[in-house]
> 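Quick one: the structure is below, questions incoming.
Values below: all heavy atoms of this structure, side chains included; hydrogens, waters and symmetry mates excluded. In what follows, every chain begins at residue 1, and chains take the letters A, B, ... in the order their sequences are listed.
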Amino acid sequence: MSVLDVKDLSVDFGHHRNLVLDKVSLAVDDGQRLGLVGASGSGKTVLASAIMGLLPDNAHISGEILFRGTNLASLGDREFSKIRGRKLSMVFQEPMTALDPTMKVGLQAAELISLHRDSNPMATRDRVEQVFDRVGLSDAGKVTNAYPHELSGGQRQRVIIAMALMNRPALVICDEPTTALDATVQTQVLDVLDSELAASGAACLFISHDLNLVARMCNEVAVIHAGRIVERGTTEDVLNSPRHPYTRGLLATARIDQVEPGERLPVIEDFYTPDDRDNAGRHTELPRRWVSQYGPRQWRRSR
Amino acid sequence: MSVYTIDHVSRRFGSRRRSTQALNDVTLSVKEHERWGIVGESGSGKTTLLKILAGLDSPSEGKVLFMGKCLDIRDRATLGDLRSSVQMVFQDPRSSLDPRMRVGDIISEPLRSPLVKGKVPADADARVAEVLDAVGLPADSQRLFAHEFSGGQRQRIALARALAPNPSILLADEPVSALDVSVRAHVLNLIDDLVDSMGLTLIMVTHDLAVVRHTCDHVGVLYQGTLVEAGPTAEVLNNPREEYTRTLLASTRLGHA
Amino acid sequence: MTLLGAFARRFAVFLGTALVASVVIFVIVQALPGDVAQATLGLGATPDAVEALRQKWGLDRPLLVRYGEWLLGMLHGDFGASYLTGQSVSGQIAPRLAITGWLVALSIPLSTLVAVPLGLVAAMMRRRGLGAIVNGASHIGLAIPVFFAGAVLVIVFSVILGWLPANSYASLMTKGFSDWARHMVLPVASLVIVQSCLLVRYVRAGFIDVLTEDYYRTARSVGWTKWAGLVRHGLRNMATSLVTVLGMQTASLLVGAILVERVFVLPGLGSLLIDSVLNRDLMTVQGVGMLLVFAVLAINFVVDLLYFAIDPRLRRQVRA
Amino acid sequence: MKRFTVLFGLVLAGIVALSALVSLVWTPYNPNLVSSSRYSPPSWTHILGTDRLGMDTFSRIMTGAQTTLVVGILAVAIAALIGVPLGIIAGMGRKVAGELIGRASDVLFALPTLLLAVLLAAAKGASVTTATVAIGIATIPVFQRMARAATLTIMSQDYVLAAEVSGTPRSMIALRHVLPNIAPLLGVQAAASFSMAILAEAGLSYLGLSASPTTPTWGRMLRDANLFAAPLQAIIPGAAIALAVLGFNLLGDGVRDYLDPRLQEVR
């Protein structure tokens, strides 16, 4: 049974009603990990915000977001707040700014428990320290008494992961959870996320621009491009035999390490055949903004 | 010959009582036409090193020889030599292009400098058109403002500015890390090509070993301000001597390859 | 550096600034007029009369000596004697201190209490009616000079309704609380109206900033509702900017108090200051001026300390 | 809605400017003409009535706009011309210079406008000049701080480093990169300070520390009004001050929203 079922979700913003998501449909099964890959501006973060109900006021939304059968898109703030943090939680990209700078992190984590159920202070503190311990925050008792600025980026992201898992949610949305971290720290944080998700049995929507990360974390992957899901399949299928030219391009550009040093790096345009272009010579599937990136003439390498 | 000789350079920030050591006793020599990649994570001191090479900062200890002469940024003559042959590209083109200047004025800025001398072309307008063409932008771009371009295009503008005064050395500070993966390849290809065709010496700072492997023939690994390993790229990446280099390799896909 | 060291440093800066300010005041008042005695007697005075006055007031001595005397005197609480009446300046100040003090001490907390909830509403509901009304009202209130607000209050509550006294002061000590309060309501109200309109703008902007912060998004994602999250995680963050404004506004609040004293004919420091200027009683002007500057600096010093209570990041910067 | 408020501000500010200009060549009555009809209510002969000396209030309000505008403009000019260069130097120059300017600015900041005006008036006698100079000097730290903060923001941008790598001298960086980029902020500050200056001048006039009694100013008209005998004669000049300040405030806000795309509310 699917824990999340997004049906024909469209989102646009402001007076001009710029369409950011265009009839996106996406389902995540219980305990499943789905990777969502796309470039910046593809709409992946908007999708995450839409599911969490954290879109800004000027967003217009249509379609359904079914979470365990409840349409989140039609919930009021009060009812939605009872689900957020309890059954549905999120890990954000930027650990440096995602925590309240004026409050000790232990207290911020304890709020998650006291907000959603009655719990005595002792039990709450034990639970916080237990989860902090699990995500690899050694000396959890000390960390709970620290302010965010006293922790490193990796530690803060662990705190945020601990908070996301605190109430044993059914679905965790991770939006570029390690992009802001250094490579070595990134590996450790991913390991923690991986094992804790497995231990809790929570489903996960893992959003990233990095195919390598998604391949490591997820058994299934969806590719989002210009507000549409262009491809979905098992990670193995998509990585080994991508069907959509955009996916092929994305795969090739992401693997610099597979190009011999000094050789020309492949670019996305290489994967579009002339058939994919419209009369004006543009790629029909690429939004105009994206095409203009390369100007009227193609860059050619002289070598 | 050696373009840069970095001789036991250290750099500390802050007051005596609470100082942070950004660079610790770094020694390195960069020869003409070499392409160096300086790899390190945030806080490794890689940007500080690049700033010292660009004459934007001075070492607390040790010295840097530029073309055999001691680099002193308070001395107008040596600074003039530096500015005439060294140019730099920054990480984020949104921040490195003045939002209130037209692209033509941005690119011609080094041409109007009183410090840059020698090989500077007489006709600034013609030179601007020339370098715009070299980076693959149409000539009429010069009338526009930077915000009218996309990220990749802006980095091309920044490259055009760097190339305008005909430098012989190009410093690049994470030139592609602010760009999307799909755009990154375009800019890397361009840098590769320009360095080739103009015979530049390249010193590029990055956190990405894959980029270094592709673009650079030499690599230096910085860890907490110390240069732990340096040498030809293939050698260092295939047989890393230092534990930290191995960790770094393992955390990228290159480790598995 | 320890926390205590940081306080000590700020205290030293506070004293240093006060010292420089005293020089500035002294120079403007004593050195700028050219000749104080001449200025006091007017241009028609005979040179002999001027000279006699100079001797009498000790103006024939060098500026530096006079400054030194003035400064030393102030350290003992002695602000010198009026050139005109010979009265001790400190003696004139003392009975008036309470009035100005009450005006400032009451209006700072009251205007904050009014402004924070209104600013919260204005930020949260800025696309809806109530928010727009609060916002518009604060815009208008910001444009009203405090003496005009006072005048309108007098017209409405004293002239038309006759509920409250339009002028004069009743001491808390001699006349009792209710009489004192009846005389303080309108002056304090005019200050609070103007001051809170200004604060509302900053509180609103501060809360709107919080709404765009990542930690607010986190708070919402863990289950806080829009309003509760803003109060729980926004209030303390917003307080930093509020405290800054309060510090910056102490000077203008004192000015406001002086103007209000004029409207309601309260015999406070402001009235003393203005009267002595119009009489060219330089020694009194100098003394009262210094006292006001000292008050502004002292309040700013306290505000500086408040930052440490609010923002843990500052505490660490100091400790590191 | 936003456009409407800016327009409203423009209209208010326009009316003030227009009455100041027109009053130079024409007013219904001589603003200082004493007549026997004291405290007369508004009528066709005296649109806004007359004051305690029988002078025509409408003419005095019109003439008062002159002082309001002139003091505002000159005070802001004094503050900006001194404060902005100091702020840029503090933001770009050596640490010592910045520290020195900062401390001096702190001292000035502790001297309220009114106190400065009082001190100057005590030394030199009260006049429009002392009031203008006092307001101007007291506003210097505002411009200095704002310019310094804005300069620091600009100096942290990579395009300043890029200019330095390009061999551009510091003085040229200040003119070519810093000044144009902080100009919009300074413009907004000038508008805000202008309103503040109007308020300050009105306050000084009210205390009798500005123009001489023969020059009609809004603050002095309010001071001379008798709240019990003719409250309207207090309300009219008070409203004039409030509307003028409101007008320039709204105008300034409009300019800021136009210049700062961040405030064009994404949320």
Side-chain angles (χ1 to χ4, degrees), chain A residues 45 48-49 51-58 76-105 107-117 145-150 156 159-160 163-164 166-167 169 172-173 175 180, chain C residues 3 120-132 135 204 206-244 306-320:
Chain A
T45 298
S49 305
I51 297 169
M52 289 298 291
L54 296 177
L55 284 176
D57 290 343
N58 64 347
D77 187 33
R78 191 166 290 275
E79 293 83 54
F80 208 149
S81 293
K82 288 176 188 155
I83 297 176
R84 270 190 226 116
R86 189 156 68 110
K87 296 175 185 161
L88 177 62
S89 65
M90 183 156 178
V91 176
F92 297 98
Q93 171 172 3
E94 202 33 85
M96 304 317 271
T97 51
L99 292 166
D100 185 344
T102 62
M103 200 182 274
K104 291 179 177 174
V105 296
L107 192 56
Q108 292 186 52
E111 272 184 356
L112 266 150
I113 299 171
S114 54
L115 257 176
H116 293 291
R117 66 182 113 93
N145 273 318
Y147 287 100
H149 62 84
E150 295 169 328
R156 288 187 219 188
V159 169
I160 291 167
M163 284 168 65
M166 193 65 70
N167 288 326
V172 182
I173 298 174
D175 184 10
Chain C
L3 211 55
L120 179 69
V121 168
M124 206 62 197
M125 304 180 66
R126 68 190 185 287
R127 287 170 185 284
R128 276 167 288 167
L130 192 55
N135 194 25
R204 173 179 181 268
F207 275 128
I208 288 178
D209 278 351
V210 171
L211 287 175
T212 68
E213 293 284 353
D214 284 352
Y215 59 77
Y216 176 66
R217 189 184 54 180
T218 308
R220 297 260 285 125
S221 84
V222 305
W224 288 103
T225 59
K226 287 180 184 172
W227 286 86
L230 195 57
V231 172
R232 174 74 173 161
H233 289 278
L235 199 56
R236 207 199 285 239
N237 283 286
M238 190 278 305
T240 330
S241 51
L242 181 67
V243 165
T244 312
L306 270 183
Y307 279 125
F308 286 92
I310 296 171
D311 195 336
R313 281 167 294 188
L314 263 178
R315 288 202 289 268
R316 183 173 85 146
Q317 259 177 32
V318 167
R319 250 184 259 136

> What are the two closest non-hydrogen atoms of C/Leu230 and C/Phe207, and how far apart are they?
CG-CD2, 3.8 Å
> Taking side chain as C-beta onward, heavy atoms only, is A/Asp77 less than 4.5 Å from A/Arg84?
yes
> Could you check if a side-chain atom of C/Asn237 sits within less than 4.5 angstrom of a side-chain atom of C/Tyr215, using non-hydrogen atoms only?
yes
> OH of A/Tyr147 to CG of A/Leu107: how many Å apart, nearest 0.5 Å?
9.0 Å
> Relative to chain C, which of A/Met163, A/His116, A/Arg78, A/Gln93 shows the most heavy atom pairs under 4.5 Å?
A/His116
> Below 4.5 Å, heavy-atom pairs only: which of A/Leu88, A/Ile83, A/Asp100, A/Asn167 has the largest tally toward chain C?
A/Asp100
> With a 4.5 Å cut-off on heavy-atom pairs, point out which of A/Ala98, A/Gly53, A/Ser89, A/Ser49 contacts chain C the most.
A/Ala98
> Check each atom of A/Ile113 against the heavy atoms of chain C and say whether the ones under 4.5 Å are side chain, backbone, both or neither.
neither
> Mind checking whether A/Val91 and A/Val172 have side chains closer than 4.5 Å, heavy atoms only?
yes
> Quick one: which of A/Met90, A/Met52, A/Met103 has the most heavy-atom pairs under 4.5 Å with chain C, could you say?
A/Met103
> Pick from A/Gly85, A/Pro169, A/Pro101: which one has the most heavy-atom pairs with chain C under 4.5 Å?
A/Pro101
